[in-house]
Trainee: 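Once you've had a glance at the structure underneath, I'll fire off some questions.
What you are looking at is a predicted structure, and each value in this text was computed from that prediction instead of being measured. Here, residue 1 is the first one in the sequence, and each next residue gets the next number.
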Amino acid sequence: MSSRGEHQTIPLSVLLKRELASEKIENPEIVHGQASHSKKGEDFTLLKAECQRAIGDGFTTFSVYGLFDGHNGSAAAIYTKENLLNNVLSAMPADLTRDEWIGALPRALVAGFVKTDKDFQQKAKTSGTTVTFVIIEGWVITVASVGDSRCIFESAEGVIYYLSADHRLDCNEEERERITACGGEVGRLNAGGGAEIGPLRCWPGGLCLSRSIGDMDVGEFIVPVPYVKQVKFSTAGGRMIISSDGVWDVLSAEEALDCCRGMSPDAAAAQIVKEAVQSKGLRDDTTCIVVDILPPEKPAAPLPPPKKPGKGMFKGMFRRKNCGSSSHDKEEYIEPDMVEELFEEGSAMLSERLATKYPLCNMFKLFMCAICQLEMKPGEGVSIHAGISNSVKLRPWDGPFLCSSCQVKREAMEGKRPSRNRHGSDSD
């Protein structure tokens, strides 16, 4: 991890070699629970505790947890729940070792999110969904997110980690600048007479998020490219909470964790939802997933010691602070030595997210689209570096490559091609 005032990542291969050298580190025990109160019926979850796969050095299992908070209908949330995991796994090369598989996840997640969005929009349905998608492999947690659902983790040492990004336009200046640069407009709803009300929204469409899957009735600059964070936690374990904005609009991370201490994951999820609904009423679908990541054979989640007043800044883990009613914006945390950040990236540019510099140089096949996995003939693909004037080492004929339809999608997302004619919507 980085020291105070610095940001430095540790190579994944180094971390996993340390693990293999000890030959004593076992996979954690993972226990999960979920709860929800439905108002619109647009929240959906995916919970797969043991997905087995064959890899280059044997067999292993991984766990997947997803929260899909739909808006303007449930079609996008349902479609994403049913297809996103397969699209991510399809973007992974075959015969990878365990450490290579973990290292390939960040780019595979980007490809899977964009393919899921592209395929769903071809169905011409106008609903959209936020996505918080978590893959746990051993002690490594990889989180990909678009929208305003959140994922937090409290370690056994009592430190809270924020593993997702908030793509609400109200609190994300970077995303506001990206949208306006791509040809969109950002502003509040005009109530007449010059009065503006409500949150910042993107026009056309009126969506208050800058990233989602679906939403074909708004500009292409509402992109499906996820923020991805990958972290290796200590073997002491901890508790992870994934919740929709119905929880985080009411409870801070500390309040959510404190209200369910000592409870099983099922009871904890139910308590968090109960606290959120009691505080504000059931104004929206409110969903929570709780995952306890435990040392092998440990019977219950560890209870962290009482937090001491902050004695140091905990900045290295986070690119940006979340916003809303949560109190964690103003608090400071002490960084433990046991946690290693492996990867973090939030750029919306595919040329940066699918580049070959990290972690596998041969992840994408030369004649296969890096997003939809379509096989192409030599000369048919378009390099993701094409049209980038400031690329020094990477050339327009260097891969990976996109098929023609994925290149059209990329150009529209980056404001290089006029978007389809859009009509207003009152999406959340």
Trainee: Salt bridge between Asp148 and Arg168, side-chain N to carboxylate O under 4.0 Å?
Mentor: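 A salt bridge links Asp148 with Arg168.
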
Trainee: Compare every heavy atom of Cys202 with every heavy atom of Ile179, then report the nearest pair and how far apart it is.
Mentor: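 For Ile179 and Cys202, the tightest heavy-atom pair comes out as CG2-SG, 3.8 Å.
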
Trainee: List the steps, then state whether side-chain hydrogen bond (donor to acceptor under 3.5 Å, both in side chains) holds for Lys118 with Ser405.
Mentor: CA-CA 9 Å; Lys118 176 172 173 276; Ser405 65; 3.1 Å; yes

Trainee: Is there a side-chain contact between Ser74 and Lys40 in this structure, where contact means two heavy atoms from C-beta onward sitting under 4.5 Å apart?
Mentor: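 Ser74 does not reach Lys40 side chain to side chain.
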
Trainee: Run the side chain to side chain contact (heavy atoms under 4.5 Å, CB included) test on His71 and Ser127 for me, step by step, so that the C-alpha distance in whole Å, both residues' side-chain angles and the decisive distance to 0.1 Å come before the verdict.
Mentor: CA-CA 6 Å; His71 47 262; Ser127 70; over 6 Å; no

Trainee: Quick one, Arg188 and Ile197 - any side-chain contact, counting heavy atoms below 4.5 Å?
Mentor: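 In short, these two side chains do not touch, never coming nearer than 4.5 Å.
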
Trainee: Would you indicate whether Gln122, at its atom CD, is surrounded by more than 12 heavy atoms from other residues, nucleotides or ligands within a distance under 6.0 Å?
Mentor: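 It does: Gln122 CD has more than 12 such atoms within range.
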
Trainee: Ignoring hydrogens and angles, write down the donor-acceptor pairs under 3.5 Å from the side chains of residues 79-86, residues two or more places apart or on other chains.
Mentor:
from: Thr80; atom 1: OG1; to: Ala76; atom 2: O; distance (Å): 2.7
from: Lys81; atom 1: NZ; to: Thr45; atom 2: O; distance (Å): 3.2
from: Asn83; atom 1: ND2; to: Tyr79; atom 2: O; distance (Å): 2.8

Trainee: For Gln407 versus Val382, what's the shortest heavy-atom pair and its separation?
Mentor: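 Closest heavy-atom pair between Gln407 and Val382: CD-CG1, 3.7 Å.
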
Trainee: With sequence neighbours left out, write down each residue that passes side-chain contact (heavy atoms from CB on, under 4.5 Å) with Glu375, or none if nothing qualifies.
Mentor: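 Partners of Glu375 under the side-chain contact (heavy atoms from CB on, under 4.5 Å) test: Met368.
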
Trainee: The criterion is side chain to side chain donor-acceptor pair (under 3.5 Å); which residues satisfy it with Thr130, sequence neighbours excluded?
Mentor: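 Result, side chain to side chain donor-acceptor pair (under 3.5 Å) vs Thr130: Ser149.
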
Trainee: Are a donor atom and an acceptor atom from the side chains of Asp99 and Thr97 found within less than 3.5 Å of each other?
Mentor: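 Short answer, yes.
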
Trainee: Hey, are the side chains of Phe233 and Ile141 touching, using non-hydrogen atoms and a 4.5 Å cut-off?
Mentor: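 Of all side-chain heavy-atom pairs linking Ile141 with Phe233, at least one is under 4.5 Å.
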
Trainee: So, are Lys409 and Glu220 salt-bridged, with charged N and O less than 4.0 Å apart?
Mentor: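 Answer for the salt bridge query: yes.
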
Trainee: Would you say the ring centroid of Phe153 lies under 6.0 angstrom from that of Tyr162?
Mentor: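 No: the rings miss the under 6.0 Å criterion.
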
Trainee: Flag yes if more than 12 heavy atoms outside Glu380 fall under 6.0 Å of its CD atom; otherwise flag no.
Mentor: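 Check passes, neighbour count above 12.
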
Trainee: I'd like to check the side chain to side chain donor-acceptor pair (under 3.5 Å) partners of Asp245; sequence neighbours left out, ordered by chain and number.
Mentor: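 Testing Asp245 for side chain to side chain donor-acceptor pair (under 3.5 Å), a comparison that skips the adjacent residues, returns none.
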
Trainee: How far apart are the closest heavy atoms of Cys171 and Asp166, and which atoms are they?
Mentor: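 Scanning both residues completely, I find the closest heavy atoms to be SG-CG, 4.0 Å.
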
Trainee: Would you say the side-chain atoms of Asp215 and Ser212 include a donor-acceptor pair closer than 3.5 Å?
Mentor: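 Present: a donor and an acceptor within the cut-off.
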
Trainee: Using the rule given for side-chain hydrogen bond (donor to acceptor under 3.5 Å, both in side chains), can you reason through Asp43 versus Thr287, listing the C-alpha separation, both sets of side-chain angles and the distance that settles it, and then say yes or no?
Mentor: CA-CA 7 Å; Asp43 278 8; Thr287 303; 2.8 Å; yes

Trainee: Any idea which heavy atoms bring Ile160 and Ala253 closest together, and the distance?
Mentor: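 Shortest heavy-atom contact: CG2-CB, 4.3 Å.
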
Trainee: Testing the basics here: between Cys403 and Met376, what is the closest heavy-atom pair and its distance to 0.1 Å?
Mentor: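 Distance-wise, the nearest heavy atoms are CA-SD, 3.5 Å.
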
Trainee: Is it true that Glu154 and Arg261 make a salt bridge, defined as a side-chain N closer than 4.0 Å to a carboxylate O?
Mentor: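 Arg261 and Glu154: salt-bridged.
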
Trainee: Do the charged groups of Glu174 and Arg178 touch, with an N to O distance under 4.0 Å?
Mentor: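 Answer for the salt bridge query: no.
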
Trainee: Can you tell if the side chain of Asp292 reaches within under 4.5 Å of the side chain of Ile30, non-hydrogen atoms only?
Mentor: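 A side-chain contact under 4.5 Å is absent here.
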
Trainee: Which heavy atom in Asp170 sits nearest to a heavy atom in Pro199, and how many Å separate them?
Mentor: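 Minimum heavy-atom separation between Asp170 and Pro199: OD2-CB, 3.1 Å.
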
Trainee: So, using side chain to side chain donor-acceptor pair (under 3.5 Å) as the criterion, who are the partners of Arg176 when residues are at least two apart?
Mentor: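 Arg176 satisfies side chain to side chain donor-acceptor pair (under 3.5 Å) with no residue once adjacent residues are dropped.
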
Trainee: Would Glu157 and Ser155 satisfy side-chain hydrogen bond (donor to acceptor under 3.5 Å, both in side chains), going step by step from the backbone distance to the final call?
Mentor: CA-CA 5 Å; Glu157 295 82 23; Ser155 70; 3.0 Å; yes

Trainee: With heavy-atom distances below 4.5 Å as the criterion, would you say the side chains of Leu251 and Ile272 are in contact?
Mentor: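 Side chain of Leu251 against side chain of Ile272, heavy atoms only: contact under 4.5 Å found.
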
Trainee: Going by heavy atoms in the side chains, are Tyr227 and Val143 under 4.5 Å from each other?
Mentor: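 They are not in contact (no side-chain heavy atoms under 4.5 Å apart), so the answer is no.
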
Trainee: Can you list everything that forms a side chain to side chain donor-acceptor pair (under 3.5 Å) with Asp119? Sequence neighbours excluded, please.
Mentor: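 So Asp119 forms a side chain to side chain donor-acceptor pair (under 3.5 Å) with Lys115.
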
Trainee: Should the pair Phe68 and Phe133 be assigned to parallel (<30°), tilted (30 to 60°) or perpendicular (>60°) ring geometry?
Mentor: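 Rings of Phe68 and Phe133: tilted, as their planes differ by 30° to 60°.
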
Trainee: Are side-chain N/O atoms of His32 and Asp266 paired as donor and acceptor at under 3.5 Å?
Mentor: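 Judged by distance alone, the side chains do not pair up.
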
